[in-house]
Protein chains: 2
Amino acid sequence: MKKTILVFSLLIFAILLLFQISKYAIISGSLKIEITIGVIAVIFLIIGIYINKKSLQNSKLPSTEINHQKISELEITEREYEVLKGISEGLSNKEIGDKLFLSESTIKTHVSNLLVKLNAKRRTQALQIAKDFQII
Amino acid sequence: MKKTILVFSLLIFAILLLFQISKYAIISGSLKIEITIGVIAVIFLIIGIYINKKSLQNSKLPSTEINHQKISELEITEREYEVLKGISEGLSNKEIGDKLFLSESTIKTHVSNLLVKLNAKRRTQALQIAKDFQII
DNA sequence: TTCGAGCTCATACTAAAGTACCAAAGTGCT
DNA sequence: AGCACTTTGGTACTTTAGTATGAGCTCGAA
(Lines give C-alpha, C1' and ligand atoms only; values in the text may rest on other atoms or scores of the structure.)
Protein backbone atom coordinates (compact mmCIF):
# COMPACT_ATOMS: atom_id res chain seq x y z
CA MET A 1 0.00 0.00 0.00
CA LYS A 2 2.84 2.41 0.81
CA LYS A 3 4.39 1.52 -2.51
CA THR A 4 1.19 2.33 -4.37
CA ILE A 5 0.98 5.79 -2.79
CA LEU A 6 4.60 6.51 -3.67
CA VAL A 7 4.14 5.38 -7.27
CA PHE A 8 1.02 7.52 -7.71
CA SER A 9 2.67 10.55 -6.17
CA LEU A 10 5.59 10.26 -8.56
CA LEU A 11 3.18 9.73 -11.45
CA ILE A 12 1.19 12.89 -10.65
CA PHE A 13 4.40 14.87 -10.28
CA ALA A 14 5.66 13.62 -13.65
CA ILE A 15 2.36 14.51 -15.32
CA LEU A 16 2.39 18.06 -13.93
CA LEU A 17 5.98 18.45 -15.09
CA LEU A 18 4.99 17.21 -18.54
CA PHE A 19 2.15 19.73 -18.67
CA GLN A 20 4.45 22.64 -17.86
CA ILE A 21 7.10 21.57 -20.35
CA SER A 22 4.61 21.11 -23.17
CA LYS A 23 2.88 24.39 -22.35
CA TYR A 24 6.03 26.49 -22.56
CA ALA A 25 7.34 24.55 -25.52
CA ILE A 26 4.16 25.28 -27.44
CA ILE A 27 4.12 28.96 -26.49
CA SER A 28 7.76 29.39 -27.52
CA GLY A 29 6.86 27.71 -30.80
CA SER A 30 9.49 24.98 -30.61
CA LEU A 31 6.90 22.18 -30.44
CA LYS A 32 3.82 21.46 -32.45
CA ILE A 33 0.52 20.86 -30.68
CA GLU A 34 -0.13 17.67 -32.58
CA ILE A 35 3.08 16.06 -31.39
CA THR A 36 2.47 17.07 -27.79
CA ILE A 37 -0.99 15.63 -27.79
CA GLY A 38 0.24 12.46 -29.51
CA VAL A 39 2.93 11.94 -26.88
CA ILE A 40 0.45 12.52 -24.05
CA ALA A 41 -1.98 10.09 -25.67
CA VAL A 42 0.60 7.31 -26.01
CA ILE A 43 1.86 7.80 -22.45
CA PHE A 44 -1.61 7.56 -20.96
CA LEU A 45 -2.53 4.63 -23.17
CA ILE A 46 0.46 2.77 -21.73
CA ILE A 47 -0.41 3.87 -18.18
CA GLY A 48 -3.97 2.61 -18.69
CA ILE A 49 -2.79 -0.78 -19.90
CA TYR A 50 -0.29 -1.01 -17.04
CA ILE A 51 -2.82 -0.17 -14.32
CA ASN A 52 -5.30 -2.66 -15.68
CA LYS A 53 -2.70 -5.42 -15.95
CA LYS A 54 -1.61 -4.84 -12.35
CA SER A 55 -5.16 -4.96 -11.06
CA LEU A 56 -5.86 -8.21 -12.88
CA GLN A 57 -2.59 -9.83 -11.88
CA ASN A 58 -3.85 -10.66 -8.38
CA SER A 59 -6.62 -12.88 -9.68
CA LYS A 60 -4.17 -14.89 -11.73
CA LEU A 61 -5.72 -17.61 -13.84
CA PRO A 62 -4.36 -21.12 -13.28
CA SER A 63 -3.83 -22.00 -16.94
CA THR A 64 -6.56 -24.51 -17.59
CA GLU A 65 -4.51 -26.24 -20.31
CA ILE A 66 -3.91 -29.99 -20.06
CA ASN A 67 -0.29 -30.99 -19.89
CA HIS A 68 -0.17 -33.81 -22.43
CA GLN A 69 3.59 -33.99 -22.21
CA LYS A 70 3.36 -34.79 -18.51
CA ILE A 71 0.90 -37.59 -19.20
CA SER A 72 3.31 -39.39 -21.49
CA GLU A 73 6.16 -38.56 -19.15
CA LEU A 74 4.35 -40.49 -16.42
CA GLU A 75 3.75 -43.29 -18.95
CA ILE A 76 0.01 -43.13 -18.41
CA THR A 77 -1.70 -45.08 -21.17
CA GLU A 78 -4.84 -44.17 -23.09
CA ARG A 79 -7.09 -46.47 -21.10
CA GLU A 80 -5.61 -45.44 -17.79
CA TYR A 81 -6.28 -41.83 -18.64
CA GLU A 82 -9.91 -42.64 -19.46
CA VAL A 83 -10.21 -44.24 -16.04
CA LEU A 84 -8.59 -41.20 -14.42
CA LYS A 85 -11.21 -38.98 -16.02
CA GLY A 86 -13.87 -41.30 -14.65
CA ILE A 87 -12.43 -40.95 -11.17
CA SER A 88 -12.40 -37.16 -11.50
CA GLU A 89 -16.10 -37.31 -12.32
CA GLY A 90 -16.68 -38.99 -8.98
CA LEU A 91 -17.60 -42.38 -10.42
CA SER A 92 -17.13 -45.74 -8.69
CA ASN A 93 -15.10 -48.49 -10.32
CA LYS A 94 -18.31 -50.24 -11.25
CA GLU A 95 -19.70 -47.10 -12.88
CA ILE A 96 -16.50 -46.46 -14.82
CA GLY A 97 -16.67 -50.05 -16.01
CA ASP A 98 -20.22 -49.59 -17.24
CA LYS A 99 -19.28 -46.38 -19.01
CA LEU A 100 -16.32 -47.92 -20.83
CA PHE A 101 -17.98 -51.34 -21.32
CA LEU A 102 -15.37 -53.04 -19.15
CA SER A 103 -15.55 -55.22 -16.07
CA GLU A 104 -14.93 -53.81 -12.62
CA SER A 105 -11.82 -56.01 -12.42
CA THR A 106 -10.29 -54.24 -15.38
CA ILE A 107 -10.98 -50.84 -13.87
CA LYS A 108 -9.37 -51.97 -10.64
CA THR A 109 -6.28 -53.01 -12.54
CA HIS A 110 -6.11 -49.66 -14.31
CA VAL A 111 -6.68 -47.76 -11.07
CA SER A 112 -3.92 -49.71 -9.32
CA ASN A 113 -1.51 -48.95 -12.15
CA LEU A 114 -2.53 -45.29 -12.08
CA LEU A 115 -1.89 -45.03 -8.36
CA VAL A 116 1.62 -46.40 -8.85
CA LYS A 117 2.36 -44.05 -11.73
CA LEU A 118 0.99 -41.04 -9.89
CA ASN A 119 2.62 -42.16 -6.66
CA ALA A 120 -0.69 -41.98 -4.81
CA LYS A 121 -2.21 -44.14 -2.09
CA ARG A 122 -5.85 -43.37 -2.82
CA ARG A 123 -7.92 -42.24 -5.76
CA THR A 124 -8.61 -38.93 -4.07
CA GLN A 125 -4.89 -38.35 -3.69
CA ALA A 126 -4.45 -39.31 -7.34
CA LEU A 127 -6.92 -36.56 -8.23
CA GLN A 128 -5.03 -34.00 -6.22
CA ILE A 129 -1.70 -35.01 -7.78
CA ALA A 130 -3.19 -35.10 -11.28
CA LYS A 131 -4.50 -31.57 -10.73
CA ASP A 132 -1.07 -30.43 -9.64
CA PHE A 133 0.42 -31.87 -12.80
CA GLN A 134 -2.38 -30.21 -14.80
CA ILE A 135 -3.24 -33.58 -16.27
CA ILE A 136 -6.93 -33.08 -15.55
CA MET B 1 -11.77 -9.50 -36.91
CA LYS B 2 -13.87 -7.31 -39.21
CA LYS B 3 -15.38 -5.71 -36.14
CA THR B 4 -11.95 -4.92 -34.72
CA ILE B 5 -10.90 -3.14 -37.92
CA LEU B 6 -14.11 -1.10 -37.93
CA VAL B 7 -13.71 -0.11 -34.29
CA PHE B 8 -10.09 0.95 -34.79
CA SER B 9 -10.97 2.94 -37.93
CA LEU B 10 -13.65 4.84 -36.05
CA LEU B 11 -11.27 5.34 -33.15
CA ILE B 12 -8.55 6.84 -35.35
CA PHE B 13 -11.10 9.09 -37.05
CA ALA B 14 -12.40 10.30 -33.70
CA ILE B 15 -8.89 11.02 -32.49
CA LEU B 16 -8.01 13.03 -35.61
CA LEU B 17 -11.24 14.98 -35.17
CA LEU B 18 -10.36 15.64 -31.55
CA PHE B 19 -6.93 16.91 -32.57
CA GLN B 20 -8.37 19.36 -35.05
CA ILE B 21 -11.02 20.62 -32.64
CA SER B 22 -8.53 21.12 -29.84
CA LYS B 23 -6.00 22.76 -32.17
CA TYR B 24 -8.41 25.39 -33.44
CA ALA B 25 -9.95 25.86 -30.04
CA ILE B 26 -6.54 26.62 -28.58
CA ILE B 27 -5.59 28.96 -31.40
CA SER B 28 -8.85 30.84 -31.08
CA GLY B 29 -8.17 31.10 -27.37
CA SER B 30 -11.45 29.59 -26.27
CA LEU B 31 -9.76 26.58 -24.65
CA LYS B 32 -6.80 26.26 -22.32
CA ILE B 33 -3.98 23.91 -23.18
CA GLU B 34 -4.06 22.27 -19.77
CA ILE B 35 -7.68 21.26 -20.14
CA THR B 36 -7.14 19.87 -23.61
CA ILE B 37 -4.21 17.78 -22.50
CA GLY B 38 -6.13 16.60 -19.45
CA VAL B 39 -9.06 15.46 -21.54
CA ILE B 40 -6.79 13.66 -23.99
CA ALA B 41 -4.99 11.99 -21.09
CA VAL B 42 -8.20 10.71 -19.49
CA ILE B 43 -9.58 9.46 -22.81
CA PHE B 44 -6.47 7.48 -23.62
CA LEU B 45 -6.21 6.15 -20.10
CA ILE B 46 -9.71 4.72 -20.52
CA ILE B 47 -8.88 3.40 -23.99
CA GLY B 48 -5.79 1.68 -22.59
CA ILE B 49 -7.76 0.01 -19.80
CA TYR B 50 -10.46 -1.00 -22.26
CA ILE B 51 -8.02 -2.56 -24.77
CA ASN B 52 -6.25 -4.49 -22.07
CA LYS B 53 -9.48 -5.76 -20.56
CA LYS B 54 -10.68 -6.97 -23.95
CA SER B 55 -7.42 -8.76 -24.66
CA LEU B 56 -7.54 -10.56 -21.32
CA GLN B 57 -11.20 -11.41 -21.55
CA ASN B 58 -10.62 -14.31 -23.93
CA SER B 59 -8.56 -16.22 -21.40
CA LYS B 60 -11.32 -15.77 -18.88
CA LEU B 61 -10.51 -16.96 -15.40
CA PRO B 62 -13.06 -19.32 -13.81
CA SER B 63 -13.54 -17.16 -10.74
CA THR B 64 -11.44 -18.95 -8.12
CA GLU B 65 -13.53 -17.35 -5.37
CA ILE B 66 -15.10 -19.59 -2.75
CA ASN B 67 -18.86 -19.37 -2.58
CA HIS B 68 -19.38 -18.97 1.17
CA GLN B 69 -23.05 -18.30 0.68
CA LYS B 70 -23.49 -21.70 -0.95
CA ILE B 71 -21.76 -23.39 1.97
CA SER B 72 -24.26 -22.01 4.48
CA GLU B 73 -27.07 -22.65 2.02
CA LEU B 74 -26.16 -26.34 2.08
CA GLU B 75 -25.98 -26.12 5.88
CA ILE B 76 -22.41 -27.40 5.91
CA THR B 77 -20.93 -26.79 9.35
CA GLU B 78 -17.46 -25.55 10.21
CA ARG B 79 -16.12 -28.98 11.08
CA GLU B 80 -17.67 -30.62 8.07
CA TYR B 81 -16.01 -28.06 5.85
CA GLU B 82 -12.64 -28.78 7.45
CA VAL B 83 -13.18 -32.44 6.65
CA LEU B 84 -14.17 -31.58 3.09
CA LYS B 85 -10.90 -29.72 2.66
CA GLY B 86 -9.08 -32.78 3.97
CA ILE B 87 -10.82 -34.94 1.38
CA SER B 88 -9.85 -32.52 -1.37
CA GLU B 89 -6.23 -32.89 -0.28
CA GLY B 90 -6.52 -36.60 -0.94
CA LEU B 91 -6.29 -37.63 2.70
CA SER B 92 -7.80 -40.78 4.21
CA ASN B 93 -10.27 -40.56 7.10
CA LYS B 94 -7.50 -41.63 9.45
CA GLU B 95 -5.18 -38.91 8.16
CA ILE B 96 -7.84 -36.23 8.43
CA GLY B 97 -8.44 -37.39 11.99
CA ASP B 98 -4.75 -37.07 12.82
CA LYS B 99 -4.64 -33.62 11.29
CA LEU B 100 -7.64 -32.33 13.22
CA PHE B 101 -6.85 -34.32 16.39
CA LEU B 102 -10.03 -36.33 16.06
CA SER B 103 -10.81 -40.02 15.93
CA GLU B 104 -11.49 -41.77 12.65
CA SER B 105 -15.06 -42.40 13.85
CA THR B 106 -15.71 -38.70 14.08
CA ILE B 107 -14.39 -38.12 10.59
CA LYS B 108 -16.63 -40.88 9.29
CA THR B 109 -19.62 -39.19 10.88
CA HIS B 110 -18.70 -35.86 9.31
CA VAL B 111 -18.10 -37.46 5.92
CA SER B 112 -21.44 -39.23 6.03
CA ASN B 113 -23.23 -35.98 6.85
CA LEU B 114 -21.31 -34.21 4.09
CA LEU B 115 -22.33 -36.82 1.53
CA VAL B 116 -25.98 -36.34 2.45
CA LYS B 117 -25.73 -32.55 2.30
CA LEU B 118 -23.90 -32.61 -1.02
CA ASN B 119 -26.15 -35.37 -2.33
CA ALA B 120 -23.14 -37.54 -3.19
CA LYS B 121 -22.57 -41.27 -2.98
CA ARG B 122 -18.81 -41.20 -2.66
CA ARG B 123 -16.15 -38.78 -1.47
CA THR B 124 -14.86 -38.38 -5.01
CA GLN B 125 -18.32 -37.40 -6.16
CA ALA B 126 -18.54 -35.00 -3.25
CA LEU B 127 -15.37 -33.36 -4.53
CA GLN B 128 -16.79 -32.99 -8.01
CA ILE B 129 -20.03 -31.50 -6.68
CA ALA B 130 -18.19 -29.19 -4.29
CA LYS B 131 -16.11 -27.95 -7.19
CA ASP B 132 -19.23 -27.27 -9.22
CA PHE B 133 -20.63 -25.24 -6.34
CA GLN B 134 -17.28 -23.44 -6.05
CA ILE B 135 -17.11 -24.45 -2.44
CA ILE B 136 -13.55 -25.65 -2.80
C1' DT C 1 8.41 -65.37 -35.09
C1' DT C 2 9.61 -64.01 -30.79
C1' DC C 3 9.16 -60.27 -27.61
C1' DG C 4 7.27 -56.51 -25.05
C1' DA C 5 3.57 -53.47 -24.11
C1' DG C 6 -1.09 -52.67 -23.51
C1' DC C 7 -5.71 -54.34 -22.54
C1' DT C 8 -8.75 -57.46 -20.68
C1' DC C 9 -10.60 -60.35 -16.87
C1' DA C 10 -10.59 -63.40 -12.84
C1' DT C 11 -9.86 -64.91 -7.92
C1' DA C 12 -8.69 -64.11 -3.28
C1' DC C 13 -7.46 -61.24 -0.11
C1' DT C 14 -6.82 -56.80 2.96
C1' DA C 15 -7.85 -52.14 3.79
C1' DA C 16 -10.65 -48.25 3.53
C1' DA C 17 -14.97 -46.08 3.08
C1' DG C 18 -19.55 -45.59 4.19
C1' DT C 19 -24.20 -46.59 6.88
C1' DA C 20 -27.03 -46.89 10.81
C1' DC C 21 -27.43 -46.64 15.07
C1' DC C 22 -26.63 -44.57 19.85
C1' DA C 23 -24.91 -41.37 23.37
C1' DA C 24 -22.45 -37.80 25.89
C1' DA C 25 -20.61 -33.18 26.17
C1' DG C 26 -20.43 -28.43 24.76
C1' DT C 27 -22.51 -24.03 22.92
C1' DG C 28 -25.72 -20.48 22.12
C1' DC C 29 -30.19 -18.81 22.66
C1' DT C 30 -34.64 -17.84 25.01
C1' DA D 1 -33.15 -24.39 33.02
C1' DG D 2 -34.63 -26.12 28.64
C1' DC D 3 -34.08 -26.42 23.67
C1' DA D 4 -31.75 -26.98 19.28
C1' DC D 5 -27.65 -27.85 17.23
C1' DT D 6 -22.86 -29.12 16.78
C1' DT D 7 -19.16 -31.93 17.89
C1' DT D 8 -17.24 -35.91 19.34
C1' DG D 9 -16.86 -40.88 19.61
C1' DG D 10 -18.32 -45.63 19.72
C1' DT D 11 -20.07 -50.45 17.82
C1' DA D 12 -21.51 -53.33 14.23
C1' DC D 13 -22.19 -53.93 9.76
C1' DT D 14 -22.07 -53.55 4.38
C1' DT D 15 -19.93 -51.82 0.45
C1' DT D 16 -16.26 -50.13 -2.21
C1' DA D 17 -11.41 -49.64 -3.02
C1' DG D 18 -7.08 -51.41 -3.58
C1' DT D 19 -3.27 -55.34 -3.85
C1' DA D 20 -1.26 -59.45 -5.61
C1' DT D 21 -1.05 -62.68 -8.92
C1' DG D 22 -1.97 -65.15 -12.97
C1' DA D 23 -3.52 -65.60 -17.63
C1' DG D 24 -5.24 -64.93 -22.38
C1' DC D 25 -5.38 -61.74 -26.27
C1' DT D 26 -3.71 -58.26 -29.83
C1' DC D 27 -0.41 -55.61 -32.24
C1' DG D 28 3.72 -53.66 -33.71
C1' DA D 29 8.83 -53.71 -33.56
C1' DA D 30 13.05 -56.29 -33.58
Side-chain angles (χ1 to χ4, degrees), chain A residues 66-133 135-136, chain B residues 66-133 135-136:
Chain A
I66 288 174
N67 192 342
H68 294 283
Q69 210 227 310
K70 191 75 193 175
I71 295 174
S72 52
E73 226 173 74
L74 292 167
E75 297 180 288
I76 291 172
T77 67
E78 203 61 35
R79 261 328 203 192
E80 283 162 2
Y81 187 66
E82 298 276 323
V83 172
L84 182 59
K85 283 194 289 184
I87 293 172
S88 78
E89 288 165 22
L91 303 177
S92 69
N93 290 336
K94 181 81 185 59
E95 287 169 340
I96 297 170
D98 289 347
K99 197 177 172 184
L100 303 178
F101 303 106
L102 298 174
S103 79
E104 196 188 339
S105 296
T106 308
I107 307 301
K108 281 189 176 187
T109 307
H110 288 319
V111 171
S112 264
N113 292 332
L114 263 173
L115 294 182
V116 172
K117 289 175 183 178
L118 286 171
N119 195 29
K121 282 179 193 140
R122 281 163 297 280
R123 49 170 60 210
T124 46
Q125 198 182 1
L127 284 181
Q128 190 251 308
I129 292 168
K131 241 163 272 155
D132 271 9
F133 285 157
I135 282 175
I136 51 170
Chain B
I66 289 174
N67 191 343
H68 294 284
Q69 210 228 309
K70 191 73 193 177
I71 296 173
S72 52
E73 227 172 75
L74 293 167
E75 295 180 290
I76 292 172
T77 66
E78 202 61 37
R79 262 325 203 195
E80 282 163 3
Y81 188 65
E82 299 275 322
V83 171
L84 182 59
K85 283 194 289 183
I87 293 173
S88 78
E89 287 165 23
L91 303 176
S92 69
N93 291 336
K94 181 81 185 58
E95 286 169 340
I96 297 170
D98 289 349
K99 198 176 173 184
L100 302 178
F101 304 106
L102 298 175
S103 79
E104 196 188 340
S105 296
T106 308
I107 307 300
K108 281 189 177 189
T109 307
H110 289 319
V111 171
S112 265
N113 292 332
L114 263 173
L115 294 183
V116 171
K117 288 176 182 178
L118 288 171
N119 194 28
K121 283 180 192 140
R122 280 163 296 281
R123 46 170 60 211
T124 45
Q125 199 184 359
L127 283 181
Q128 191 252 307
I129 292 168
K131 241 165 272 152
D132 271 8
F133 285 156
I135 280 175
I136 50 171

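Each chain gets a letter, A, B and so on, in the order the sequences are listed, and its residues count up from 1. Source: prediction; values computed, not measured.
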For atom [atom1] of [X] and atom [atom2] of [N], their distance in whole Å:
X	N	atom1	atom2	value
A:L114	C:dC7	CG	P	11 Å
A:K108	C:dA10	NZ	C1'	11 Å
A:Y81	C:dC7	OH	C1'	19 Å
B:L127	C:dA17	CG	P	12 Å
A:N93	C:dA16	CG	P	16 Å
B:L84	C:dG18	CG	C1'	16 Å
A:F101	C:dC7	CZ	P	18 Å
B:I96	C:dA16	CD1	P	13 Å

For this session: Give a yes or no on whether the backbone of B:Q69 and the side-chain of B:S72 come within a donor-acceptor separation of less than 3.5 Å.
Result: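 Here the side-chain-to-backbone pair exists.
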Exercise. Heavy-atom distance under 4.5 Å between the side chains of B:L102 and B:I96, does that happen here?
Worked result: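 Contact flag for B:L102/B:I96 side chains = no.
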Exercise. Which atom pair, heavy atoms only, marks the closest approach of A:V111 to A:I87?
Worked result: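 Closest pair (atom of A:V111, atom of A:I87, distance): CG2-CD1, 4.1 Å.
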Exercise. Can you name the closest pair of heavy atoms from B:K131 and A:K131 and give their distance?
Worked result: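 Taking B:K131 first and A:K131 second, the nearest heavy atoms are NZ-NZ, 3.0 Å.
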At under 4.0 Å between heavy atoms, what does [X] touch on the DNA or RNA strands: base, sugar-phosphate, or nothing?
X	value
B:T77	sugar-phosphate
B:S112	base
B:S103	sugar-phosphate

Exercise. Counting side-chain heavy atoms from CB outward, which of C:dT19, C:dA16, C:dC9 is closest to A:T106?
Worked result: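 Of all the options, the side chain of A:T106 is nearest to C:dC9.
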For this session: Answer yes if the side chains of A:S112 and A:T109 hold a donor-acceptor pair under 3.5 Å, and no otherwise.
Result: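 Side chains of A:S112 and A:T109: no pair found under 3.5 Å.
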Exercise. When you match B:E78 and A:L91 each to their closest nucleotide on DNA chain D, which lands nearer the 5' end?
Worked result: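 Counting from the 5' end, the first nearest nucleotide belongs to B:E78.
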Exercise. If you find the nucleotide of DNA chain D closest to B:H110 and the one closest to A:E104, which residue's nucleotide is nearer the 5' end?
Worked result: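 Taking each residue's closest nucleotide, the earlier one in sequence belongs to B:H110.
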Problem set entry | The single option from B:K121, B:R122, B:Q125 passing side chain to side chain donor-acceptor pair (under 3.5 Å) against A:E95 |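 It is B:R122, the one option of B:K121, B:R122, B:Q125 that forms the side chain to side chain donor-acceptor pair (under 3.5 Å) with A:E95.
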Problem set entry | Boundaries of the DNA chain D segment in contact with chain B, non-hydrogen, under 4.0 Å |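 Answer, 5' to 3': D:dT6 to D:dA17.
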For this session: Measure the spacing between CD of B:E82 and CD1 of B:I107 and express it to the nearest 0.5 Å.
Result: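 Between atom CD of B:E82 and atom CD1 of B:I107 there are 10.0 Å.
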